[in-house]
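Only one structure is covered here, and it is reproduced in the block below.
Note that the numbering runs from 1 along the sequence shown for the chain. Predicted model only: the values in this text are computed from it and were never measured.
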Amino acid sequence: MLEMTREEFEELVAEALDRIPPELTRLMDNVAVFVEDEPPADDPELLGLYEGTPLTDRGEWYAGVLPDRITIYRNPTLRICENREEVVEETEITVVHEIAHHFGIDDDRLHALGYG
């Protein structure tokens, strides 16, 4: 497995977030991004996870709720990548993929756009 510290990986996630166009980040609402080393045991190859209510599903009832949660998993990403450049690319794809879920874009559409 490729070696990279948690701090280095968190920086790559931050850089990927910085590359999201400002017109999109301004629309993001009540969402927090986290980095964890490992995904849930029942899905050990998971690279990222969105948990929450997509913007497209929110209505008048949506108030006073905990933030949506985007989690990017370090170790599965490092296991599938052979070098730092691949980690950078895969991290950016995963961040975009999970943010897209926040905007209500489903996996089928993301796969069609190349963010599978």
Side-chain angles (χ1 to χ4, degrees):
M1 181 169 90
L2 186 66
E3 295 288 326
M4 180 177 288
T5 67
R6 172 98 177 229
E7 292 76 22
E8 288 174 301
F9 189 79
E10 287 174 350
E11 183 63 29
L12 292 182
V13 171
E15 290 170 5
L17 287 167
D18 288 345
R19 286 191 288 276
I20 303 295
E23 53 272 14
L24 289 180
T25 57
R26 280 194 294 273
L27 297 173
M28 293 174 65
D29 182 47
N30 200 30
V31 61
V33 178
F34 299 91
V35 171
E36 292 187 11
D37 289 334
E38 293 291 345
D42 63 337
D43 199 354
E45 296 178 11
L46 189 65
L47 303 181
L49 180 65
Y50 169 76
E51 300 169 283
T53 304
L55 295 175
T56 54
D57 293 344
R58 296 179 185 180
E60 292 177 15
W61 59 269
Y62 188 84
V65 299
L66 291 174
D68 292 2
R69 181 180 176 102
I70 291 174
T71 307
I72 309 299
Y73 298 105
R74 180 174 71 102
N75 289 338
T77 303
L78 296 179
R79 284 192 289 268
I80 67 167
C81 295
E82 294 183 16
N83 55 52
R84 181 178 170 77
E85 292 76 27
E86 286 183 15
V87 175
V88 170
E89 181 179 337
E90 192 59 56
T91 301
E92 186 167 328
I93 289 169
T94 303
V95 166
V96 169
H97 182 108
E98 302 311 328
I99 288 173
H101 286 319
H102 176 68
F103 283 100
I105 301 171
D106 66 18
D107 281 331
D108 289 339
R109 181 68 178 138
L110 285 168
H111 287 280
L113 294 170
Y115 290 97

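- The two atoms that bring Thr25 and Pro22 nearest to each other are OG1-O, 3.1 Å, heavy atoms only.
- Closest heavy-atom contact between Ile99 and Leu17: CD1-CD2, 3.6 Å.
- Annotation: side chain of Leu12 is not in contact with side chain of Glu8 (no heavy-atom distance under 4.5 Å).
- Hydrophobic clustering places Met1 together with Phe9 (ILVMFWY residues linked when any side-chain heavy atoms are closer than 4.5 Å, directly or through intermediates).
- Of all the heavy atoms in Leu46 and Pro40, the pair that sits closest is CD2-CD, 4.3 Å.
- In this structure, the separation between CD1 on Ile20 and CD on Glu15 is 13.0 Å, given to the nearest 0.5 Å.
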*Given His101 and Leu110, is the side-chain contact (heavy atoms from CB on, under 4.5 Å) satisfied, shown in steps?*
CA-CA 9 Å; His101 286 319; Leu110 285 168; 3.6 Å; yes

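- Looking at Arg6, its side chain never comes within 3.5 Å of a backbone N or O of Arg74 through a donor-acceptor pair.
- Other residues, nucleotides and ligands contribute more than 12 heavy atoms inside 6.0 Å of the CD atom of Glu23.
- Hydrophobic clustering (side-chain heavy atoms under 4.5 Å, transitive across Ile, Leu, Val, Met, Phe, Trp, Tyr) keeps Val65 apart from Val31.
- Put simply, NE2 on His111 and CG on Asp106 are 9.0 Å apart, with the number rounded to the nearest 0.5 Å.
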Report all side-chain donor-acceptor pairs from residues 47-59 shorter than 3.5 Å, counting only partners two or more places apart or in another chain.
from  : atom 1 : to    : atom 2 : distance (Å)
Tyr50 : OH     : Thr53 : N      : 3.4
Tyr50 : OH     : Thr53 : O      : 3.2
Tyr50 : OH     : Asp68 : OD2    : 2.3
Arg58 : NE     : Thr53 : O      : 2.8
Arg58 : NH1    : Asp29 : O      : 3.0
Arg58 : NH1    : Asp29 : OD2    : 3.3
Arg58 : NH2    : Asp29 : O      : 3.3
Arg58 : NH2    : Thr53 : O      : 3.1
Arg58 : NH2    : Tyr62 : OH     : 3.3
Arg58 : NH2    : Asp68 : OD1    : 3.3
Arg58 : NH2    : Asp68 : OD2    : 2.7

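- Cluster membership check: Ile93 does not share its hydrophobic cluster with Phe34, using side-chain heavy-atom separations under 4.5 Å among Ile, Leu, Val, Met, Phe, Trp and Tyr.
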*With side-chain contact (heavy atoms from CB on, under 4.5 Å) as the test, would you mind laying out the steps for Ile105 and His97 before giving the verdict?*
CA-CA 9 Å; Ile105 301 171; His97 182 108; over 6 Å; no

Side-chain donor/acceptor pairs under 3.5 Å, residues 77-84, sequence neighbours excluded:
from  : atom 1 : to    : atom 2 : distance (Å)
Thr77 : OG1    : Tyr73 : O      : 2.9
Arg79 : NH1    : Glu38 : OE2    : 3.1
Arg79 : NH2    : Glu38 : OE1    : 3.1
Arg79 : NH2    : Pro44 : O      : 3.3
Asn83 : OD1    : Glu85 : N      : 3.1
Asn83 : OD1    : Glu86 : N      : 2.9

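- Shortest non-hydrogen contact noted between Val13 and Ile72 is CG2-CG2, 4.0 Å.
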